[in-house]
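The chains referred to below are lettered A, B, ... by the order of the sequence lines, with proteins before strands, and numbering in each begins at 1. Here the structure is a predicted model, which is why all the values come from computation and not from measurement.
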Amino acid sequence: MSRSIVVTSGKGGVGKTTTSANLGMALAKLGRKVVLVDADFGLRNLDLLLGLENRVVYTALEVIARECKLDQALVKDKRQPNLSLLAAPQTRNKTAITAAHMKALVEVLSRHFDYVLVDCPAGIETGFHNAIAGAKEAIIVTTPEISAVRDADRVIGLLEANRIKDIKLIVNRLRPAMVKNNDMMSVEDILEILSIKLLGVIPEDEQVIVSTNKGEPLVLSEKLPLAGIAYENTAKRLEGMDIPLLDLNASSGSVLSRLQRWLTGKS
Amino acid sequence: MILSISEFIERLFTGKNATASGTKVKQRLKFILAHDRAAITPQMFEEMRQEIMAVVSKYVELDQDSLEFRLESDNRYTALVANLPIRGIKAEEPELLQAEPLDIDAPLTMPNNGGNVG
């Protein structure tokens with residue numbers, strides 16, 4: 001059974017596109033046939049994060065307008081042939097696209113791929129409604145910040161109102177040291193507030209920027225950085241595997257913290 | 001404030017304290033989300049508060065200083081929580097008692113049954 005999942009957040013800049021690229025690539029590495037659909041019409045970026053920008057000839061717009069065949073618009077990743085990209089048009093003529101178009105597009109793609117991952121634009125206007133139109137499930141990306149969590153809550157409400165009930169959360173850009181000092185909401189805090197299932201926790205990692213610069217998703221790195229491992233684990237959980245969360249405090253497992261655990265009897 | 005030994009040790013080693021911004025942000029979020037989820041504007045909320053107060057005050061005398069009236073959000077449900085301490089019951093007025101009984105928490109409250117008038 002094919003799964004169509006929209007990756008959304010409400011707020012911009014929380015890592016939707018990075019998450020889409022890495023989850024898509026990680027699922028492809030697990031042997032799944034994955035298509036990434038950039039639904040951010042007019043402001044496309046997914047092709048850049050994947051390093052596929054030079055290979056985009058046709059976009060979703062031409063497919064919808066029947067100016068090309070679907071497989072002409074799909075860019076197959078040479079590094080990972082299980083992964084394809086359907087790019088968004090960069091033109092501003094995005095009013096021509098409706099929710100019905102997107103729904104039809106996702107339905108056709110579902111026949112050919114195990115996963116259709118739709119990278120949603122920021123905001124909750126037309127672009128958002130188009131992006132969620134064909135999706136059966138949703139992944140919410142948030143960061144441990146007040147504005148991102150608030151917007152995530154709003155989007156969860158909108159998804160539920162649009163009959164998308166299977167919603168999972170990824171907490172991105174977590175800084176364990178700040179959480180430890182109670183200067184950042186913990187994952188537990190966010191889960192308590194949003195009351196949805198947790199899919200993964202991605203630590204803040206400079207390598208994300210490095211990988212973006214190179215156009216090579218983290219999970220393709222030979223030696224996976226911490227965020228890359230976290231994305232792989234998240235993909236495995238999406239596949240139904242029971243993978244425990246990374247111990248992000250492991251690097252600070254100092255003598256002090258061990259002494260503390262011994263004194264307080266907490267393991 | 002008395003800390004238990006384990007709390008003290010936790011504080012000593014983790015430096016966690018309730019005055020840090022993490023605690024504050026959680027409180028702020030809970031408040032904002034309760035209002036977001038109810039999709040109610042502060043003006044509407046104030047209007048509703050005054051109307052409910054007016055109705056309740058017809059029957060009982062309320063302790064104006066210790067009234068509590070707020071939206072609370074938990075587990076994706078929002079409840080209107082009203083705590084209206086009563087100073088005294090007003091003298092019986094037959095025509096008022098025939099009025100329809102008012103269920104204060106019916107329209108807004110979902111499962112967690114937050115509305116209590118006490």
Side-chain angles (χ1 to χ4, degrees), chain A residues 10-11 124 140 142-161 164-165 167 169 171 174-197 249 252-267, chain B residues 1-46 48 68 70-81 105 107-115:
Chain A
K11 189 178 180 296
I124 49 172
I140 303 274
T142 192
T143 59
E145 290 161 278
I146 187 165
S147 47
V149 175
R150 182 197 200 175
D151 291 1
D153 187 75
R154 187 79 200 280
V155 165
I156 293 167
L158 286 171
L159 288 169
E160 286 175 342
I164 298 178
K165 306 281 181 210
I167 307 171
L169 183 75
V171 178
L174 191 85
R175 297 185 185 206
M178 287 189 78
V179 173
K180 217 173 165 198
N181 286 329
N182 194 19
D183 265 325
M184 181 176 264
M185 275 182 284
S186 66
V187 174
E188 293 74 28
D189 289 339
I190 298 171
L191 288 178
E192 183 194 326
I193 286 168
L194 294 179
S195 308
I196 57 170
K197 279 172 281 175
N249 288 312
S252 60
S254 59
V255 181
L256 264 185
S257 67
R258 264 181 281 147
L259 180 63
Q260 180 208 351
R261 281 200 287 270
W262 181 73
L263 282 170
T264 57
K266 285 182 192 165
S267 54
Chain B
M1 188 166 71
I2 301 160
L3 293 174
S4 71
I5 291 172
S6 69
E7 269 176 334
F8 175 73
I9 293 168
E10 172 131 17
R11 196 104 171 254
L12 187 69
F13 286 98
T14 63
K16 226 175 208 172
N17 71 78
T19 57
S21 63
T23 309
K24 176 92 181 157
V25 71
K26 219 176 138 186
Q27 288 167 352
R28 288 177 64 207
L29 251 175
K30 282 189 168 174
F31 177 81
I32 298 167
L33 291 189
H35 282 262
D36 280 357
R37 286 173 187 168
I40 197 165
T41 65
Q43 291 91 326
M44 265 169 72
F45 186 73
E46 179 57 24
M48 178 174 73
E68 254 186 283
R70 62 178 191 279
L71 290 176
E72 242 174 43
S73 209
D74 195 22
N75 220 357
R76 302 214 63 75
Y77 289 108
T78 301
L80 170 63
V81 180
D105 55 357
L108 264 169
T109 305
M110 279 153 283
N112 59 351
N113 188 28

For A:Asp183 against B:Ala20, the heavy-atom pair lying closest together: OD1-CB, 3.8 Å
Heavy atoms from other residues, nucleotides or ligands near CZ of B:Arg70 exceed 12 (cutoff 6.0 Å):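 Enclosed.
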Side chains of A:Arg150 and B:Arg28 in contact at under 4.5 Å (non-hydrogen atoms):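 Side-chain contact under 4.5 Å: no.
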Sole candidate of A:Ile146, A:Asp189, A:Asn182 that passes side chain to side chain contact (heavy atoms under 4.5 Å, CB included) when paired with B:Val25: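 For B:Val25, the side chain to side chain contact (heavy atoms under 4.5 Å, CB included) test succeeds with only one of A:Ile146, A:Asp189, A:Asn182, which is A:Ile146.
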N-O pairing of A:Asp153 and B:Arg37 below 4.0 Å: yes
Salt bridge (charged side-chain N to carboxylate O under 4.0 Å, His left out) assessment of A:Glu188 paired with B:Lys26: CA-CA 11 Å; A:Glu188 293 74 28; B:Lys26 219 176 138 186; over 6 Å; no
